[in-house]
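Naming: A, B, ... by sequence-line order, numbering from 1 per chain. In this text the structure is predicted, and so the values were computed from the model without any measurement.
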2 protein chains.
Amino acid sequence: MDSFPEIAKNSETIIRMPTVRRLPRYLRLLIELKSEGKDFVSSEKIAQALDLKPIVVRKDLAFTGNCGKPRLGYSIEHLIISIENVINFRGKDTAFLAGVGNLGSALLGYKGFEKYGLNIAAAFDLDKEKVNKTVHNKDVYPLEMLPVLAARLHPYIGILCVPEESAQEVVEKMVSCGIKGIWNFSNKELKVPADVVLQNEDLAAGLAVLSISIDKKSKAPVQ
Amino acid sequence: MDSFPEIAKNSETIIRMPTVRRLPRYLRLLIELKSEGKDFVSSEKIAQALDLKPIVVRKDLAFTGNCGKPRLGYSIEHLIISIENVINFRGKDTAFLAGVGNLGSALLGYKGFEKYGLNIAAAFDLDKEKVNKTVHNKDVYPLEMLPVLAARLHPYIGILCVPEESAQEVVEKMVSCGIKGIWNFSNKELKVPADVVLQNEDLAAGLAVLSISIDKKSKAPVQ
DNA sequence: TATATATCGATATTTTAGTATCGAAAAATA
DNA sequence: TATTTTTCGATACTAAAATATCGATATATA
Ligand SMILES: NC(=O)c1ccc[n+]([C@@H]2O[C@H](COP(=O)([O-])OP(=O)(O)OC[C@H]3O[C@@H](n4cnc5c(N)ncnc54)[C@H](O)[C@@H]3O)[C@@H](O)[C@H]2O)c1
Ligand SMILES: NC(=O)c1ccc[n+]([C@@H]2O[C@H](COP(=O)([O-])OP(=O)(O)OC[C@H]3O[C@@H](n4cnc5c(N)ncnc54)[C@H](O)[C@@H]3O)[C@@H](O)[C@H]2O)c1
């Protein structure tokens with residue numbers, strides 16, 4: 001692929017998805033440590049807190065462009081900044097949410113997202129009972145207003161909490177408004193154009209893992 | 001480990017987690033196909049529907065103990081049964097839910113879980129306003145009732161939707177009642193005994209993946 | 001009945017993720 | 001200032017997951 005493979009070898013340019021998925025956990029811990037007045041933390045300490053191996057922590061943090069100091073560990077301040085940079089948690093990801101039902105309302109009310117830089121700028125629903133009100137201080141608009149508000153607010157991310165039946169049509173509306181990433185909480189397998197990212201959040205997957213892990217553990221002789 | 005390693009070689013006994021996470025997706029598709037009156041489906045067709053490679057599908061399905069027929073594919077009926085068996089989606093996983101707030105209420109109202117065999121038998125909260133009522137037809141009890149009801153209902157799974165601050169103490173209550181698996185929706189890093197399974201559902205992980213994937217795609221020259 | 005063909009599944013290979021080892025470096029201590 | 005100690009990070013290694021190849025086989029068709 002590369003004509004000088006030896007050059008790129010050490011630089012660890014391409015971040016790996018398992019690493020990305022752990023970054024929010026590091027971030028939460030680091031923010032906590034900072035609030036306790038700590039300045040440095042070792043990979044060993046982080047690993048203990050998050051139930052990981054120190055070597056995993058060091059490799060992950062290497063991706064963020066940080067370097068630790070021998071005998072001290074990593075600068076908490078620097079780590080926070082670089083992790084926030086890597087995952088774009090910079091308060092700039094404007095999002096639209098569609099489907100203000102049970103799950104959609106819960107997400108609208110979740111303060112945690114603001115911490116991660118996700119700004120749900122507007123919500124949309126079909127139900128006449130739900131629109132033109134606010135839910136957890138977020139405005140809920142009729143679905144047909146989506147293009148108008150998109151033109152004004154330029155959302156990057158679309159959060160999908162509508163029933164399976166309407167998921168595909170709502171996604172198409174979002175995509176045609178220039179949304180670049182779909183966070184799909186419905187369990188519908190969606191089709192999106194090649195330049196749009198689709199992130200499926202499948203709760204059943206986690207439940208399946210839990211269920212099988214319980215089985216495994218109960219059968220395991222000694223572990 | 002085994003004295004005759006060559007015997008076990010082909011049998012694919014240990015199911016892999018990426019496979020487990022995909023099983024609910026297969027199941028949903030297969031149920032849909034069955035409702036359309038179909039009897040057989042090929043790995044190619046499944047792969048198209050779920051945006052996977054056919055070879056991944058065949059390897060995954062091999063774990064469930066199924067075998068396909070050349071030129072026909074897999075029996076949809078058989079696949080459904082064996083996948084449900086593998087992931088324990090048999091309507092027997094009794095669960096307790098703690099924290100009937102925004103997220104907890106949404107989960108209580110989610111009909112999908114019944115389809116996956118998860119039966120939320122009771123919910124618990126501290127808030128006097130919330131207890132001794134029903135939410136989405138599920139009874140909500142005061143937290144101190146947990147041991148009493150556990151003795152009667154024998155829950156396997158504890159679903160945790162309480163604020164971070166109280167997550168550890170609630171988990172300990174659940175564990176002491178014999179719960180074998182914790183489905184943790186709070187972002188608290190919990191400590192559980194070695195014989196208890198902890199499944200963390202970290203929405204921020206999915207958001208981080210989405211955010212980075214959008215970045216990558218926008219920078220990618222041609223894909 | 002014989003042949004063609006679609007599809008599986010065994011085996012091998014490649015890629016990705018995780019783990020082990022150990023020398024280097026910087027801070028703490030003597 | 002010299003020595004000790006802790007912790008990083010480069011390198012090498014192992015394990016897990018995904019992908020490629022291709023012969024076997026059962027069905028459909030001639
Ligand atoms: N509730 C959960 O815990 C949960 C868990 C996992 C997945 N999900 C999935 O999330 C989605 C929503 O679940 P829910 O429990 O919130 O359902 P819900 O019925 O409570 O909410 C759906 C909302 O979408 C609105 N809606 C319907 N069609 C629409 C359209 N075309 N455009 C805009 N809004 C529309 C409805 O008016 C309603 O307000 C479903 O696909 C469900 O499978 C929910
Ligand atoms: N809302 C979301 O979309 C969302 C998303 C991701 C994660 N979470 C996490 O899920 C948890 C709940 O979030 P939420 O938005 O539903 O919060 P919430 O405040 O709406 O609900 C919390 C509920 O827990 C109850 N509670 C508090 N202490 C308790 C205890 N000791 N025992 C039993 N019940 C107790 C409260 O009375 C309240 O009803 C939080 O940890 C949050 O970080 C929420």
Side-chain angles (χ1 to χ4, degrees), chain A residues 1-2 5-23 25-26 38-76 78-79 82 205 209 212-213 216, chain B residues 1-2 5-23 25-26 38-76 78-79 82 205 209 212-213 216:
Chain A
M1 203 177 184
D2 200 302
E6 60 281 359
I7 291 173
K9 233 172 201 169
N10 290 347
S11 53
E12 302 279 26
T13 47
I14 298 153
I15 196 160
R16 297 184 295 201
M17 283 310 142
T19 296
V20 173
R21 300 189 64 85
R22 285 188 290 266
L23 290 181
R25 299 178 64 197
Y26 296 126
K38 305 233 172 70
D39 289 323
F40 284 84
V41 65
S42 69
S43 60
E44 178 70 41
K45 275 277 163 59
I46 295 176
Q48 268 168 22
L50 304 186
D51 198 22
L52 300 169
K53 308 252 165 107
I55 183 80
V56 173
V57 175
R58 286 204 296 276
K59 277 207 141 190
D60 285 347
L61 297 185
F63 278 113
T64 70
N66 257 270
C67 50
K69 286 191 184 179
R71 219 186 149 106
L72 278 182
Y74 298 85
S75 155
I76 291 172
H78 288 171
L79 272 187
S82 50
V209 170
I212 284 194
S213 304
K216 260 194 188 168
Chain B
M1 204 179 184
D2 201 300
E6 59 280 359
I7 290 174
K9 229 172 204 173
N10 290 347
S11 54
E12 302 279 25
T13 49
I14 298 153
I15 195 158
R16 295 183 297 202
M17 283 310 141
T19 296
V20 173
R21 299 189 65 86
R22 284 187 291 265
L23 290 180
R25 300 177 64 197
Y26 296 128
K38 304 233 172 71
D39 289 324
F40 284 84
V41 65
S42 69
S43 60
E44 176 71 41
K45 277 275 162 60
I46 296 176
Q48 270 167 23
L50 304 185
D51 199 21
L52 300 169
K53 307 253 166 109
I55 182 79
V56 173
V57 175
R58 286 204 296 278
K59 276 211 141 189
D60 285 347
L61 296 185
F63 278 113
T64 70
N66 257 270
C67 50
K69 288 189 183 180
R71 223 187 146 108
L72 278 182
Y74 299 85
S75 154
I76 290 172
H78 288 171
L79 272 188
S82 51
V209 170
I212 285 194
S213 303
K216 260 194 189 170

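- The structure places CD1 of B:I46 at 12.5 Å from CZ of B:R22, a figure rounded to the nearest 0.5 Å.
- In this structure the side chain of A:M17 reaches within 4.5 angstrom of the side chain of B:I212, judged on heavy atoms.
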Protein-to-nucleotide contact annotation, 5' to 3' order, nucleotides 21-30 of chain D [B base; S sugar-phosphate only; - none; under 4.0 Å, heavy atom]: B---BSBS--
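- Between the CD atom of A:E44 and the C1' atom of C:dT19 there is a distance of 15 Å, rounded to whole Å.
- Of the residues near DNA chain C, B:N66 and A:T19, the one whose nearest nucleotide (by heavy atom distance) lies more toward the 5' end is B:N66.
- Checking B:C67 against A:K53, the closest nucleotide of DNA chain C that is more toward the 5' end is the one next to B:C67.
- For the residue pair A:L79 and A:Y74, the shortest heavy atom distance occurs at CD1-CB, 3.6 Å.
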Return a table of donor-acceptor pairs under 3.5 angstrom between the side chains of residues 62-71 of chain B and protein atoms on other chains or two or more places apart.
| from | atom 1 | to | atom 2 | distance (Å) |
| --- | --- | --- | --- | --- |
| B:T64 | OG1 | B:L61 | O | 2.7 |
| B:T64 | OG1 | B:N66 | ND2 | 3.4 |
| B:N66 | ND2 | B:S82 | OG | 2.2 |

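- In this view, A:K38 and A:E36 satisfy the side-chain hydrogen bond (donor to acceptor under 3.5 Å, both in side chains) rule, not counting sequence neighbours.
- Every residue two or more places apart in sequence or in another chain that forms a side-chain hydrogen bond (donor to acceptor under 3.5 Å, both in side chains) with A:S43 is listed here: A:R58.
- Not a single side-chain hydrogen bond (donor to acceptor under 3.5 Å, both in side chains) links A:S42 to another residue, sequence neighbours left out.
- Across all strands shown, B:R22 has heavy atoms under 4.0 Å from sugar-phosphate atoms exclusively, and none from any base.
- As a whole-Å value, the separation of B:R16 CZ from C:dT16 P is 16 Å.
- A:Y74 has a side-chain polar atom (N or O) that falls below the 4.0 Å cut-off from OP1 or OP2 of D:dG9.
- Atoms NZ (A:K45) and C1' (D:dC8) sit 16 Å apart, rounded to a whole Å.
- What separates CZ of B:R21 from P of D:dA16 is a distance of 18 Å, to the nearest Å.
- For the pair A:L23/A:I15, a side-chain contact is recorded, criterion being any heavy-atom separation below 4.5 Å from C-beta on.
- Axis angle, first five pairs versus last five pairs of the helix from C:dT1-D:dA30 to C:dA30-D:dT1: 10°, rounded to 10°.
- Rounded to an integer number of Å, the gap from A:L23 CG to C:dA17 C1' is 15 Å.
- Computed from coordinates, the B:K59 NZ to D:dT19 P distance equals 11 Å when rounded to whole Å.
- Here C:dA17 presents its C1' atom at 14 Å from CD1 of A:I14, a figure rounded to the nearest Å.
- Taking atom CE of B:M17 as the reference point, atom C1' of C:dT16 lies 18 Å away to the nearest angstrom.
- Taking 4.5 Å as the limit, every side-chain heavy atom of B:K59 sits out of range of all side-chain heavy atoms of B:T19.
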